[in-house]
2 protein chains.
Amino acid sequence: MGSDNYASEGLMKVAVDAVVFSIIKGDLNILLITRKYPPFKGQCAIPGGFVRKEESLEAAAKRELTEETGVKDIYLKQIGAYGDVNRDPRGRVISIAFLALISPDHDLKATSDALDAKWYPIDELPKLAFDHGAIIKHALQDLRFEIQTTNIAHQILPKRFTLTQLQQLYESVLGKRLDKRNFRRRVLEMGVLKETSETFMEGAHRPAKLYVFREQKYAPLKERLQVFV
Amino acid sequence: MGSDNYASEGLMKVAVDAVVFSIIKGDLNILLITRKYPPFKGQCAIPGGFVRKEESLEAAAKRELTEETGVKDIYLKQIGAYGDVNRDPRGRVISIAFLALISPDHDLKATSDALDAKWYPIDELPKLAFDHGAIIKHALQDLRFEIQTTNIAHQILPKRFTLTQLQQLYESVLGKRLDKRNFRRRVLEMGVLKETSETFMEGAHRPAKLYVFREQKYAPLKERLQVFV
DNA sequence: CCAAAAGTGTTGGTTTTACACCCATGG
DNA sequence: CCATGGGTGTAAAACCAACACTTTTGG
């Protein structure tokens, strides 16, 4: 960083935006709000807002997400900064984007801003405000990488889950079918899961064993789950 | 992004910083400047500075790099935003970091700011200003990934190069030795190189074939060069 | 003819893929 | 006893890691 004229240079608006993914009926969805004021009034956008002086970028993203959608207590991973000169018609705004993968049963409260937050399947996204279309595209690439290299899956699954649920999650995120036997063998050999003594029963068939993640916080995996994209 | 009180919120300083890598005598080096003014006067830092109203983040990083070090015309890859509240003692500054891999024979001009830019081997880095130590650590991880998944190597190599030069580059970046036969087989099978009819001769031994990258611009590779870290 | 780096294949072990049937349960 | 999804093993193919000698040149 230069030492030159600190006072005048570089002042601009800094925002954060969150691309929040979930799986609904087997399809990957994204949480969007509808803008009630210009610019892009009536169009959809990913939730976000301006960073305050005294909060970190991640804290700002969490706060805005809660304010606009009611979603809280989730892990956000930074995916990059978007800073094209004309990305916001109001003036120069730099946005730092984050991604998350959460359970769809977080309550989407009607918010103070009267923005309504809704889930949209990723292959039926509406036209998006700002450069949010590009941000989402990058976020999806990033998510496909994340799910194979970290335990981010634990954010979306119930504490205890079946291997079939886990596999369906991977299939939805990666957008392709996986072989049941190979998937189970690999995920178990990696040692990131722990078998519980409980089972899950639903419908007229054999009950499924329930598993938990060994690491309950977001953490990188030792090896990559070699499923690729 | 919220629609609320656009005028007042989110205003802060935005900077860019560039972690520029090169190989000097087989060792991975980083380009640092010495700060001539407070804060962190006399300490080393990665080159960077504030973003101007009318330039993109990448353009700002390129401009600052040229101003401070003389290095120009290089590809910069964004690696993330650093926004901790107290990362800059002057006040709130968000910094967007970039990385590059360049040839060491870019001239390091004595700059207008009288900052001198010098190369430092990565295992002999001085104490660094701001959070630049952390930024460099992330940049190195990122570089090790980049070199296996993109043709970023073409930035540092001469247009035509030998396979031995390419292999030494990989070894320096990854910090480990690679098997000559396996390396050559894989890199050729990937099809990112094109053999030329020329050879390179130096010293009393068999001349080496010269190769060029098929893609002359930064581009992701179809497959990953499976060397890992 | 010596030194030096360029160039080149094979083998054994490991990993990955593809693939089909039996099990436990509720109705 | 039927329908449903849970659970399991194996063989062939692909891939990866380890390894040493011949070639071409200049001095």
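For clarity, every value in this text was computed on a predicted model and none was experimentally measured. The sequence lines fix the lettering, A, B, ..., with proteins before strands; numbering per chain opens at 1.
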Rounded to the nearest angstrom, tell me the gap between atom CD in Glu223(B) and atom C1' in dC16(D). 14 Å
Nearest-nucleotide check on DNA chain C, Leu188(B) vs Gly203(A); residue mapping nearer the 5' end is Leu188(B)
Grab the CD-P distance between Gln167(B) and dA5(C) for me, whole Å please. 14 Å
Between atom NE2 in His205(B) and atom P in dT22(D), what is the gap in whole Å? 20 Å
Spacing of Phe200(B) atom CZ relative to dT25(D) atom C1', expressed in whole Å: 14 Å
Verify the neighbour count for atom CZ of Arg63(A): are there more than 12 heavy atoms of other residues, nucleotides or ligands below 6.0 Å? yes
So Phe145(B) and Phe145(A), would you call those rings parallel, tilted or perpendicular, with 30° and 60° as cut-offs? perpendicular
From CD (Gln43(A)) to CG (Leu32(A)), nearest 0.5 Å: 11.5 Å
According to the interplanar angle, ranging from 0 to 90°, do the rings of Tyr82(B) and His138(B) count as parallel (below 30°), tilted (30 to 60°) or perpendicular (above 60°)? parallel
Measure from CG on Leu178(B) to C1' on dC19(D) and round the result to the nearest Å. 16 Å
OP1 or OP2 of dG7(C) versus the side-chain N and O atoms of Arg184(B): is any pair under 4.0 Å? yes
Give the C-alpha distance, both sets of side-chain angles, the deciding distance and a yes or no for ring pair (Phe, Tyr, Trp, His ring centres under 6.0 Å) between Phe213(B) and Phe161(B). CA-CA 9 Å; Phe213(B) 275 98; Phe161(B) 51 89; 5.3 Å; yes
Please check if the number of heavy atoms outside Glu198(B) that lie under 6.0 Å from its CD is greater than 12. yes
Length of the line joining Leu210(B):CG and dA6(C):P, which is rounded to integer Å: 11 Å
I need the OH-P distance between Tyr211(A) and dG7(D), as an integer number of Å. 6 Å
Value in whole Å for how far the C1' atom of dA6(C) lies from CD of Glu195(B): 13 Å
Interface residues of residues 156-165 of chain A with DNA chain D (non-hydrogen, below 4.0 angstrom): Thr164(A)
So which of Lys176(A), Arg144(A), Arg177(A) actually passes salt bridge (charged side-chain N to carboxylate O under 4.0 Å, His left out) with Glu171(A)? Arg177(A)
Using atom types as modelled and distance alone, determine if a side-chain donor or acceptor of Asn151(A) lies under 3.5 Å from a backbone N or O of Glu215(A). yes
For every nucleotide of nucleotides 13-23 of chain C, 5' to 3': is a protein heavy atom under 4.0 Å from its base (B), only from its sugar-phosphate (S), or from neither (-)? ---SBBBB--B
Hey, are Tyr218(B) and Glu146(B) close enough side-chain-wise for a donor-acceptor pair under 3.5 Å? yes
